[in-house]
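Below is one structure, written out as structure tokens, with a few remarks after it.
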Amino acid sequence: MATDASPSRQLFALVDVNNFYVSCERAFNPSLENRPVVVLSNNDGCAIARSNEVKALGIRMGAPCFQLKELADKYDIVALSSNYALYGDMSNRVAAMLRDYSPHMEVYSIDESFLTLNGLGSLWPTSAYMGQSIRHRIRQWTELPVCVGIGASKTLAKLANHIAKKQPRFNGVCDLATMPLAETDALLSGIEVGEVWGVGPRIGSQLHAAGISTVKALRDTPLSWLRARFGVVMERTGNELRGLSCLTLEEVAPPRKQIISSRSFGQPVRALPHLSESVAGHASSAAEKLRRQNGVCGAIQVFIQTNRFREQDPQYSNSMVVPLPNESSDTRLLVRAALFGLKQIYRAGYTYNKAGVMLIDIGEARTIQGSLLAQHGTGNRSDGLMKAIDALNLRYGRNTVSVFSSVAPKPWAMRRENTSPCYTTRWSDVPVAYAH
DNA sequence: TCTGGGGTCCTAGGACCC
DNA sequence: TCTGGGGTCCTAGGACCC
């Protein structure tokens, strides 16, 4: 039996729901099928999802609603407010079904997942066959249309998915990994370079200016040039396009490093009390998200903006970072800090359009387990705590330290004045029950 | 009148330290 | 006359993604 030629050879599939939000709406309202449909952002401000019919009309992603009016009337476009609870639920269903196809999966976004297919070759006649199975099953069980792209790197799987979506002859599944080189080259020569994952508008136009306008041209560009011109990220993209996998599958979503809550106002806002109400709400919901990931943050940033699209109005935007004396995820503390910051940056006389907060300097809320305390807590209280903190590599001022009274050894856990000055402030923040 | 709401990573430059 | 060099941390800005 032949062994795998190269142990580092990778095979990825990207499964992506077509026009996700629109497809979710259609799943529950079949009369929307074959009609032009857009889903609108909060406040019904702009289009954030478009059906193929709407895309064909040339309506951009993010097109403001009022600009759509005329076309909407003319072509009988159905415009729907967004329903994120529904989309989240549908997303979870799709992800659950995909787990049956591979032991290793990364949920990349609300409508996309990567699977690794390494070592699964014997389960299916071909990868494309598996792709069709995914399509049929998801369609049957959720009514959602998906496309599947397969490639030797995540970037190639993304590209394959794009091809599967755009070119009907692939019937929704494109496998670049087994495609003959000549065919791949022909295909990539016909795709605009901006379609590559990691090539945005800026780099795209610079590539065009340098005469690199197709995916094939980018793939064949020397890596050293990409590195020198655009940095390590584009060099990596170059490698990925050549089939050298540089991006790994992230099966476990890492905790957020920042948490934002912000929103445009439906109507113009001028007065501080109105802003305060909004900011307090944002701080509260951000704190909730933070606690959900068992986090604490060291600072909260608050920001306000006027409407940048109203050029005739005086513009003002500002932000302030308010540090917290101790890391926390406490709603009241965060709201208080955010409102303090808001007062500092608020200027009367402007019409505000947006406000929000960002939690930054996020760490993990850690707990010193009883066993560790017992292990280190044999001396006086401050010694034991100090050792335990060292053992956990905690740093003063960055983490919440909690001790359970039920397991805390008594001799050193009794009296506040026995603690070293360094930790005195911490104890005030610690959810410890001292009474025995 | 009305223009989304989240995230990530990289780089350059300055402050500061030894 | 000759006036260091390596390292870290922080911030702002720019690019990208969905």
Side-chain angles (χ1 to χ4, degrees), chain A residues 14 16-21 38-50 59-70 72 79 81-82 84 87-88 91 106-114 154-155 158 161-162 193-207 226-237 240 246-247 250 253-269 278 281-282 285-286 289-290 293 298-299 301 303 305-313 319-321 323 351 353-362 395 398:
Chain A
L14 176 67
D16 186 322
V17 183
N18 307 346
N19 314 326
F20 182 56
Y21 295 173
V38 291
V39 172
L40 304 174
S41 64
N42 280 300
N43 300 326
D44 293 345
C46 62
I48 54 170
R50 304 156 296 158
I59 292 173
R60 305 186 329 274
M61 174 75 170
C65 206
F66 66 91
Q67 286 178 3
L68 262 58
K69 266 279 186 288
E70 207 171 301
S81 296
S82 39
Y84 295 104
Y87 310 148
S91 175
E106 171 186 344
V107 177
Y108 176 69
S109 75
I110 194 165
D111 69 332
E112 287 171 82
S113 291
F114 286 101
K154 282 177 147 184
T155 302
K158 275 281 234 187
N161 193 285
H162 170 81
V193 70
E195 299 295 342
V196 173
W197 197 31
V199 177
R202 298 295 171 91
I203 290 176
S205 72
Q206 289 185 50
L207 286 171
L226 291 178
R227 166 90 191 225
R229 181 77 184 267
F230 300 108
V232 295
V233 179
M234 272 308 291
E235 184 190 29
R236 194 171 60 200
T237 297
E240 288 251 321
C246 305
L247 300 168
E250 294 191 35
R256 299 271 83 95
K257 296 174 176 174
Q258 47 180 249
I259 292 173
I260 294 174
S261 177
S262 75
R263 197 133 300 172
S264 310
F265 301 125
Q267 290 135 12
V269 167
S278 157
H282 286 305
S285 89
K289 292 183 201 170
L290 180 61
Q293 69 170 31
Q301 180 174 31
F303 55 91
Q305 291 169 14
T306 52
N307 189 339
R308 65 196 160 95
F309 293 103
R310 291 185 57 86
E311 289 169 11
Q312 67 274 33
D313 287 355
S319 72
M320 181 181 182
V321 174
T351 302
N353 171 250
K354 185 173 182 176
V357 304
M358 179 158 71
L359 305 186
I360 54 183
D361 196 10
I362 289 180
R395 183 149 68 84
R398 285 193 55 87

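Lettering of chains follows the sequences in order, A, B, ..., and the numbering in each one begins at 1. Computed from heavy atoms alone, side chains included, the values below leave out hydrogens, waters and symmetry copies.
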| task | For nucleotides 2-9 of chain B, just jot down a letter per nucleotide in 5' to 3' order: B, S or -, based on protein non-hydrogen atoms under 4.0 Å. | result | BBBSSSBS
| note | 5' to 3', nucleotides 12-18 of chain C under a 4.0 Å protein heavy-atom cut-off (B base, S sugar-phosphate only, - none) gives ---SSSS
| request: Check whether more than 12 heavy atoms from other residues, nucleotides or ligands sit under 6.0 Å from atom CZ of A:Arg308, and answer yes or no. | output: no
Kindly give the heavy-atom pair with the smallest separation between [X] and [Y], and that separation in Å.
X: A:Pro64; Y: A:Cys46; value: CA-CB, 3.7 Å
X: A:Ser81; Y: A:Tyr87; value: O-OH, 4.1 Å
X: A:Glu195; Y: A:His162; value: OE1-CE1, 3.2 Å

| message | Working to the nearest 0.5 angstrom, can you tell me the gap between A:Leu247 CG and A:Lys158 NZ? | response | 11.5 Å
| said: Return the OG to CD1 distance between A:Ser82 and A:Ile48, rounded to the nearest 0.5 Å. | reply: 4.5 Å
| Identified salt bridge (Lys or Arg N to Asp or Glu O under 4.0 Å) counterpart of A:Lys154 within the set A:Glu240, A:Glu106, A:Glu112, A:Glu250 | A:Glu106
| query | In whole Å, what is the span from the CZ atom of A:Arg227 to the C1' atom of B:dC10? | reply | 11 Å
Side-chain contact, heavy-atom cut-off 4.5 Å: [X] with [Y]?
X: A:Arg229; Y: A:Met234; value: no
X: A:Lys354; Y: A:Ser262; value: yes
X: A:Gln301; Y: A:Val321; value: yes

| note | Stems in DNA chain B, runs of 3 or more consecutive Watson-Crick or G-U wobble pairs with both distances under 3.5 Å, sorted by first number, are B:5-18 with C:5-18
